[in-house]
Protein chains: 2
Amino acid sequence: MTTIKDVAKLAGVSTATVSRVMNGTGYVNPSTKEKVNSAIKQLDYRPNDVARSLYKGKSKMIALFVPDIMNPFFPELARAVEDVTNQHGYTFILCNTDDDFEKEQTYLNALQQKSVDGIIIVSSTITKELVGKISTPIIALDRIIGSNISSVTVNNREGARQAVQHLKSVGCKRIAHICGPEHVSNTAKRLKGYLDEVKNEDWFLSSYIVPGEYNFETAVQATKKLLTDHTEIDGIFVWNDLMGIGALKGAEELGINVPDELSIIAFDGITVGETTTPSLSTMAQPIYDIGTQAAEMLLEQINNSGYKTKREEFTVQLIERQSTRKRG
Amino acid sequence: MTTIKDVAKLAGVSTATVSRVMNGTGYVNPSTKEKVNSAIKQLDYRPNDVARSLYKGKSKMIALFVPDIMNPFFPELARAVEDVTNQHGYTFILCNTDDDFEKEQTYLNALQQKSVDGIIIVSSTITKELVGKISTPIIALDRIIGSNISSVTVNNREGARQAVQHLKSVGCKRIAHICGPEHVSNTAKRLKGYLDEVKNEDWFLSSYIVPGEYNFETAVQATKKLLTDHTEIDGIFVWNDLMGIGALKGAEELGINVPDELSIIAFDGITVGETTTPSLSTMAQPIYDIGTQAAEMLLEQINNSGYKTKREEFTVQLIERQSTRKRG
DNA sequence: TTGAAAGCGCTAACAG
DNA sequence: CTGTTAGCGCTTTCAA
């Protein structure tokens with residue numbers, strides 16, 4: 001590998017001068033600058049980032065922790081973060097944590113040891129204590145970790161309310177809710193939103209609330225059980241799109257027509273929701289904007305020493321597709 | 001940050017001894033080892049990987065280039081690579097290239113400057129020339145780059161043949177093919193497999209072959225046009241699952257029933273294929289195994305200086321789902 | 001305007 | 001068995 005020394009030698013100057021030329025720091029005579037630049041070009045020299053990092057204590061790398069890369073929500077998010085960080089000359093690292101505390105810890109250590117400059121975290125298991133011990137800038141995404149960690153979220157409760165309102169508006173009379181995983185904070189929030197809308201209805205039964213897991217197959221089964229136990233159900237608000245697609249499948253397997261006999265709406269707004277038949281109505285999060293915002297906040301926190309904790313909340317938006325339709 | 005010096009001081013030994021204890025290299029008296037270890041624990045010391053990398057010229061990082069993180073195929077693949085690399089103590093870096101030569105080049109430079117130890121590349125645009133200039137170990141995935149780059153692929157042509165055979169076996173009489181993007185090598189291979197099976201059929205028309213893009217919406221349109229122009233078509237082999245789901249949607253929008261009037265089979269075996277209604281028959285690639293294999297080959301190449309170029313080919317497997325069914 | 005030299009934190013000869 | 005020392009490639013005072 002060619003080093004700064006090689007360049008210095010070829011240009012007939014000291015390594016300090018080469019460094020100055022590269023970084024545009026300090027004064028350097030135009031003619032020697034010329035010589036240095038041509039030496040750089042001639043040798044196709046590229047500085048060693050590791051050496052730089054060692055000196056500076058910074059690596060120009062940013063990481064994103066996601067619980068499940070297989071859920072399309074996260075690739076869409078990752079895409080946004082990647083775009084922003086790349087634009088600013090950072091290298092992007094994606095870490096899949098499975099919402100596993102051990103894995104998160106391992107990653108956190110590894111990244112700190114590599115002088116990663118900042119981390120964006122989507123996690124339900126990580127603790128404020130763990131994060132508090134870390135000096136690396138951190139942003140919480142989609143969920144809130146602690147009061148002194150900046151976060152980017154959406155209005156989950158209000159969004160859930162709107163979802164249920166929409167089901168009512170298309171004529172649903174008995175509306176159920178399939179929940180998300182218990183340990184995820186959004187689960188409680190969306191459940192609250194659902195309850196806001198139904199708890200005073202005379203038809204409401206607590207058994208209309210069914211627990212769910214973070215995956216397709218479980219949602220299929222939960223839906224089938226729900227619809228078998230309660231044949232009167234004509235609307236379901238599902239915790240997220242992935243599970244919503246499972247609900248679609250469950251209904252189909254029971255021979256229940258969506259949307260004629262049953263309306264389904266979910267939450268997230270991932271692209272696959274458009275591709276199903278029927279396509280899935282949803283409360284869409286502005287996924288790309290969320291990722292962008294988080295990345296920008298992180299960069300600000302990295303570069304401004306006087307940064308103060310922020311809390312950003314985005315608004316979800318109803319997207320009506322085929323799985324909910326006005327009934328006559 | 002606590003450094004090796006702090007540990008040395010606390011333990012009353014030299015930094016060299018601390019280093020030896022950490023790395024288990026060379027002899028060290030049990031009792032001093034004891035002292036060092038307790039000092040490490042007491043200070044919660046973690047070695048600086050950047051300094052290590054600088055000295056060793058290696059970073060314990062591995063990267064994966066994918067053209068489109070939003071296609072579920074790649075997260076599944078990434079998952080596999082991540083698992084293997086993590087197991088071996090490497091940090092995994094995912095790079096989204098958009099099959100854009102400039103982006104690939106930028107990433108390649110950035111990673112080299114960071115002393116990344118190896119790269120797995122899925123790319124149709126990257127050239128052997130570019131890769132040839134790089135000393136970092138590289139594995140080509142899903143596509144072949146050059147003759148002296150190891151690769152992991154699947155039997156695309158034979159798989160395509162089997163897909164068409166399957167369509168025939170369920171009773172299809174007029175079979176079309178929606179191709180992949182022109183510049184991707186697999187496009188030609190799968191097309192050849194299709195042609196192997198149909199070119200001698202008396203019903204075959206070259207207009208049964210329609211060009212496609214790497215996305216859902218285009219596939220919907222291509223399918224609608226195809227089925228409108230050729231109402232006799234009763235089977236379609238689609239280049240990949242994402243586009244296959246588009247074909248499903250296209251047929252549905254025309255009111256054509258799948259599989260009663262039209263059978264559809266695609267290629268890849270991504271999980272979402274199970275979730276659609278009807279679910280999508282496909283030639284499944286062993287995605288996880290492919291990723292695992294590539295990662296293992298890369299690690300071998302990194303660690304064995306006497307490594308020789310390899311070419312691994314996996315076999316795809318027919319998965320019959322609802323989109324193809326025997327017709328009476 | 002430029003060079004010499006120290007040092008970022010760690011490892012690996014080389015002595016002892 | 002352990003310490004001293006040089007050095008990985010770069011940046012930045014400090015002098016000149």
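The structure displayed is predicted, hence computed values, not measured ones. The chains referred to below are lettered A, B, ... by the order of the sequence lines, with proteins before strands, and numbering in each begins at 1.
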* Is the side chain of B/Asn29 donor-acceptor paired with the backbone N or O of B/Lys33 at a distance under 3.5 Å, no angle test? -> no
When rounded to whole Å, the OH to C1' distance for the pair A/Tyr55 and D/dT12 reads 4 Å
If the threshold is 4.0 Å, N to carboxylate O, is there a salt bridge linking A/Asp49 and B/Lys114? yes
Testing D/dT2, C/dT2, D/dG3 for proximity to the side chain of A/Thr32, the answer is C/dT2
Whole-Å distance, A/Arg46 CZ to D/dC10 C1', equals 17 Å
Report which part of the nucleic acid B/Val13 touches: base, sugar-phosphate, or nothing (heavy-atom distance under 4.0 Å, all strands). sugar-phosphate
### Query
Do the side-chain N or O atoms of B/Ser19 get closer than 4.0 angstrom to the phosphate oxygens (OP1, OP2) of C/dT11?
yes
Between CD1 of B/Ile4 and P of C/dT11 the distance, given in whole Å, is 5 Å
Respond yes when some side-chain nitrogen or oxygen of A/Lys56 is under 4.0 Å from OP1 or OP2 of D/dT12, and no when none is. yes
Any side-chain N or O of A/Thr17 below 4.0 angstrom from OP1/OP2 of C/dG3?
yes
OP1 or OP2 of D/dG3 under 4.0 Å from side-chain N/O of B/Tyr27:
no
Scan B/Val50 against the nucleic acid and name what it touches under 4.0 Å (heavy atoms): base, sugar-phosphate only, or nothing. nothing
When rounded to whole Å, the NZ to P distance for the pair B/Lys35 and D/dC1 reads 14 Å
Taking D/dT2, D/dC10, C/dT2 as options, the one with an atom nearest any side-chain atom of A/Arg20 is C/dT2
Distance check: side-chain N/O of B/Ser14 vs OP1/OP2 of D/dT4, anything under 4.0 Å? no
Looking at A/Ser115, is its backbone amide N or carbonyl O close enough to the side chain of A/Ser59 to form a donor-acceptor pair, meaning the two atoms are under 3.5 Å apart?
yes
### Message
Using modelled atom types and a 3.5 Å cut-off, is there a donor and acceptor pairing between side-chain atoms of A/Lys5 and backbone atoms of A/Thr15?
### Response
no
Residue set satisfying side-chain contact (heavy atoms from CB on, under 4.5 Å) with B/Tyr288, at least two apart, ordered chain then number -> B/Arg79, B/Ala80, B/Asp83, B/Thr292
Separation of C/dT11 atom C1' from B/Leu54 atom CG, nearest Å, is 11 Å
Is the shortest side-chain N/O distance from B/Thr3 to OP1 or OP2 of C/dG9 below 4.0 Å?
-> no
Assert: residue with more 5' nearest nucleotide on DNA chain D, out of A/Asp49 and B/Gly12, is B/Gly12
note: B/Lys33, atom NZ; D/dC1, atom P; distance rounded to Å ~ 10 Å
Among C/dC10, D/dT12, C/dT11, the one nearest any side-chain atom of B/Thr15 is C/dT11
Of D/dT11, C/dT1, D/dG3, the nucleotide closest to the side chain of A/Asn29 is C/dT1
To the nearest angstrom, the OH-P distance between B/Tyr45 and C/dG9 comes to 10 Å
Exactly one of B/Thr187, B/Asp142, B/Asn186 clears side-chain hydrogen bond (donor to acceptor under 3.5 Å, both in side chains) with B/Asn156, and that residue is B/Asn186
Worksheet item: Ignoring hydrogens and geometry, is there a side-chain-to-backbone donor-acceptor pair from B/Ser150 to B/Lys310 under 3.5 Å?
Response: yes
In short, the helix from C/dT1-D/dA16 to C/dG16-D/dC1 is bent end to end, axes from five pairs each side, to 10°, by 50°
When rounded to whole Å, the NZ to P distance for the pair B/Lys60 and C/dT11 reads 13 Å
Any donor and acceptor pair, going by atom type alone, linking the side chain of B/Thr106 with main-chain N or O of B/Glu102 inside 3.5 Å?
-> yes
Problem set entry | Side-chain N,O (B/Asn48) to OP1/OP2 (C/dC8) below 4.0 Å | no
| said: Taking 4.0 Å as the cut-off, does a side-chain nitrogen or oxygen of B/Arg52 come that near to OP1 or OP2 on C/dT11? | reply: yes
